[in-house]
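Values in this document were obtained by computation on a predicted structure and should not be read as measured data. Throughout, protein chains are lettered first and strands after them, A, B, ... in sequence-line order, and every chain is numbered starting at 1.
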Amino acid sequence: MTVRVRVAPSPTGDPHVGTAYVALFNRTWARRNGGQFLLRIEDTDRVRSNAESEKMIFESLRWLGLTWDEGPDIGGPCGPYRQSERVAIYLEHAKSLVASGAAYYCTCTAERLEGVRKAQDAAKLSPRYDRRCRDLPASEVQKQIDAGAKWVIRMKVPAEGECRFRDVVRGEVVFAWDQIDDQVLLKSDGWPTYHLANVVDDRLMGITHVIRAEEWISSTPKHIRLYEAFGWTPPVWCHVPLLRNKDRSKISKRKNPTSLNWYRDQGYLPEAMVNFLALMGFSMPGGVEVFGPADMDREFSIEKINAGGPVFDLQKLDWMNGQYLRKLSPDELATRLGPFGAAGHDAATVRRIVPLIQDRLRVLSDWTELTAFFFGDLAAPDPALLAGKKQTPAQVRDLLSRARPVLAAAEWTDAALEASLREVAAAAGVKPGDLFMPLRVAVTGRTNTPPLTATLEVLGRDRSLARVDAALACLA
RNA sequence: GCCCCCAUCGUCUAGUCUGGCCUAGGACACAGGCUUUUCAAGUCUGCGACACGGGUUCAAAUCCCGUUGGGGGUACCA
């Protein structure tokens, strides 16, 4: 049997990092087994679902390279892959469950349900549907429906016994049936709930392994009951841990960036992002931490996924991003910097700057801050910054005055400039740094920059001299 | 409240299934050194954990039970 897995996000809000995380494991498992990875859009919540969100899911998963073999936008043999286009299928299946006695119509109103819940709460009982319509004669419920009452279809959960299932990452899990609610399967608007749509689609789409987030573990008995009621064999269950905030609660946008758009806009490289996500719960043999999809396809197994919920650590992501940033060729890096501000400048200049900042970039969006002094005009330098803590303005003025004619005459290359400036420092009887730092501040306006002489080379003689003159003027 | 899941350095983890090779290994972060014209990058060293209590066993991070802690679920949301 060929492995078929899926990721089934709901298109509400920004594309979520958790979606990418689950997609990664699913997709890798498919590739590892020569199977298929599908993308299914679960838009049965008519209030919250929207087309824009769906579009962003497509874009962000593609950005990460987490592409699918079948999906709403590319089709496939089991379509449609958007649940809103499959409503008739769910209705039909819900009715078949009623016909076979596994489900029943319920006409209870929201108000009555609310009252039941309150009473249960007061009596310190678990909030649950009291099964009134299940216990009523079917003819009685039918009479209400004929009279125009709104109805839903609920599943009939066994009154006693237990539901056992095997989860790949957790082993055997047991729930007592009396803990499980008679879940609504078909809402009063005729649309299915997650539970129904999910089970029906997984079956109709030939899903063999359900690899999904841990938050679904407590509704798995409902799903298993549905498979039984339909007479279907359930898939293999595999609940992967939830990504966590620093305080270990389920990752949320209030406490941690969760939007894939944010990571893209910050300038995290997609390959670093995927590598980092892979590290959350999976580890390569030999402790290798920097690896690509091909390596993971070779070594991954759902049995190896850790059960504990990993804290999403931005610091380590930054480190990982640096690993990938430094591996890029300068040309490639220049290209990737395009959308982050580099595209607005002369390509040849950008290309010369790139090697100077490659080791200093944390994320691509650092580009602007790191390179601003290469472009446009510089504000008048701050005399205090020029002199630093160890030198007096007069000393700095002297040093810059000595450097000025040398810069005016030197061969304008990194190596020649360095040699000339070292001579100036020696002649003045100071350490190279005593000259380099004020010159750096004069020419860039800041104390930390790429190596000075390489920076000068790119900046050019005219602009460099003009900035030295401006500094000298400040010190006068 | 009830149900379920989880538990190795601050964080991600190896080791747990198949008990001895673990005075618990690696990575991030942190601290210090080296390198050095600054900042990075690189490199070296250091700091740092088997949640607790019982059992089983010649032997437990590894198996069992309990406690504690954390998380999730408890909707006509997914």
Of the listed nucleotides ([options]), which one gets closest to any side-chain atom of [X]?
| X | options | answer |
| --- | --- | --- |
| Arg170(A) | A14(B), U37(B), C6(B) | C6(B) |
| Lys316(A) | C5(B), A27(B), U13(B) | A27(B) |
| Arg248(A) | U37(B), C12(B), G72(B) | C12(B) |
| Asp359(A) | A29(B), C4(B), A41(B) | A41(B) |

Length of the [atom1]-[atom2] vector between [X] and [N], whole Å:
| X | N | atom1 | atom2 | result |
| --- | --- | --- | --- | --- |
| Asn306(A) | C50(B) | CG | P | 19 Å |
| Asn245(A) | G70(B) | CG | C1' | 13 Å |
| Trp237(A) | C5(B) | CH2 | C1' | 16 Å |
| Lys246(A) | C28(B) | NZ | C1' | 11 Å |
| Glu289(A) | A27(B) | CD | P | 8 Å |
| Ile305(A) | U13(B) | CD1 | P | 11 Å |
| Arg360(A) | U37(B) | CZ | C1' | 11 Å |
| Arg362(A) | C39(B) | CZ | P | 19 Å |

Would you classify [X] as touching base, sugar-phosphate or nothing, given that sugar-phosphate means primed atoms plus P, OP1 and OP2, and contacts are heavy atoms under 4.0 Å?
| X | value |
| --- | --- |
| Arg244(A) | sugar-phosphate |
| Arg326(A) | sugar-phosphate |
| Ser249(A) | sugar-phosphate |
| Val47(A) | nothing |
| Ser283(A) | sugar-phosphate |
| Gly171(A) | nothing |
| Pro451(A) | base |
| Leu452(A) | base |

Please give the distance between the [atom1] atoms of [N] and [M] as a whole number of Å.
| N | M | atom1 | value |
| --- | --- | --- | --- |
| C22(B) | C30(B) | P | 31 Å |
| G72(B) | C50(B) | P | 26 Å |
| U8(B) | U16(B) | C1' | 10 Å |
| C12(B) | C4(B) | C1' | 25 Å |
| A51(B) | U13(B) | P | 15 Å |
| A14(B) | C21(B) | C1' | 15 Å |
| U56(B) | C65(B) | P | 15 Å |
| U57(B) | U62(B) | P | 16 Å |

With the criterion being N/O to N/O and under 3.5 Å, what pairs connect the protein with nucleotides 76-78 of chain B, and how long is each?
from   : atom 1 : to        : atom 2 : distance (Å)
C76(B) : O2     : Ser188(A) : N      : 2.8
C76(B) : O2     : Ser188(A) : OG     : 2.8
C76(B) : N3     : Ser188(A) : OG     : 3.1
C76(B) : N4     : Cys108(A) : O      : 3.4
C77(B) : OP2    : Lys187(A) : NZ     : 3.0
C77(B) : O2'    : Asp45(A)  : OD2    : 2.6
C77(B) : O2'    : Arg48(A)  : NH2    : 3.4
C77(B) : O2     : Arg48(A)  : NH2    : 3.3
A78(B) : OP1    : Thr44(A)  : OG1    : 2.8
A78(B) : OP1    : Lys187(A) : NZ     : 2.8
A78(B) : OP2    : Tyr194(A) : N      : 3.1
A78(B) : O3'    : Glu42(A)  : OE1    : 3.3
A78(B) : O2'    : Ser10(A)  : OG     : 2.7

So what's [N] paired with, Watson-Crick or G-U wobble, going by both distances under 3.5 Å?
| N | result |
| --- | --- |
| U62(B) | none |
| C2(B) | G73(B) |
| U67(B) | A51(B) |
| G19(B) | none |
| U11(B) | A27(B) |
| G42(B) | C34(B) |

Checklist entry - Can you find a donor-acceptor N/O pair under 3.5 angstrom joining the side chain of Ser126(A) to the base of G1(B)? => result yes

Checklist entry - Looking at Arg225(A), Arg131(A), Lys156(A), which one forms a salt bridge (charged side-chain N to carboxylate O under 4.0 Å, His left out) with Asp182(A)? => result Arg131(A)

Under 6.0 Å between ring centres, would you say that holds for [X] and [Y]?
| X | Y | result |
| --- | --- | --- |
| Phe312(A) | Phe276(A) | yes |
| Tyr105(A) | Trp151(A) | yes |
| His223(A) | Tyr194(A) | yes |

Checklist entry - Which of parallel (below 30°), tilted (30 to 60°) and perpendicular (above 60°) describes Phe291(A) and Phe282(A)? => result perpendicular

Checklist entry - For the atom pair CG (Leu260(A)) and CG (Asp14(A)), what is the distance rounded to the nearest 0.5 Å? => result 9.0 Å

Next on the checklist: Within 45 degrees of the ring normal and closer than 6.0 Å to the centroid, is that where the cationic atom of Lys327(A) sits relative to Tyr324(A)?
Outcome noted: yes

Checklist entry - On the ring face of Trp237(A), is Arg166(A) found with NZ or CZ under 6.0 Å from the centre and within 45° of the axis? => result no

Checklist outcome for this item: Between Gly309(A) and Pro450(A), the residue closer to the 5' end of RNA chain B by nearest nucleotide is Gly309(A)

Next on the checklist: I'd like to know if Arg336(A) pairs up with Glu271(A) as an ion pair, taking the criterion as any Lys NZ or Arg NE/NH1/NH2 lying under 4.0 Å from an Asp or Glu carboxylate oxygen.
Outcome noted: yes

Next on the checklist: Check this for me: Lys431(A), atom NZ, are more than 12 non-hydrogen atoms of other residues, nucleotides or ligands nearer than 6.0 Å?
Outcome noted: no

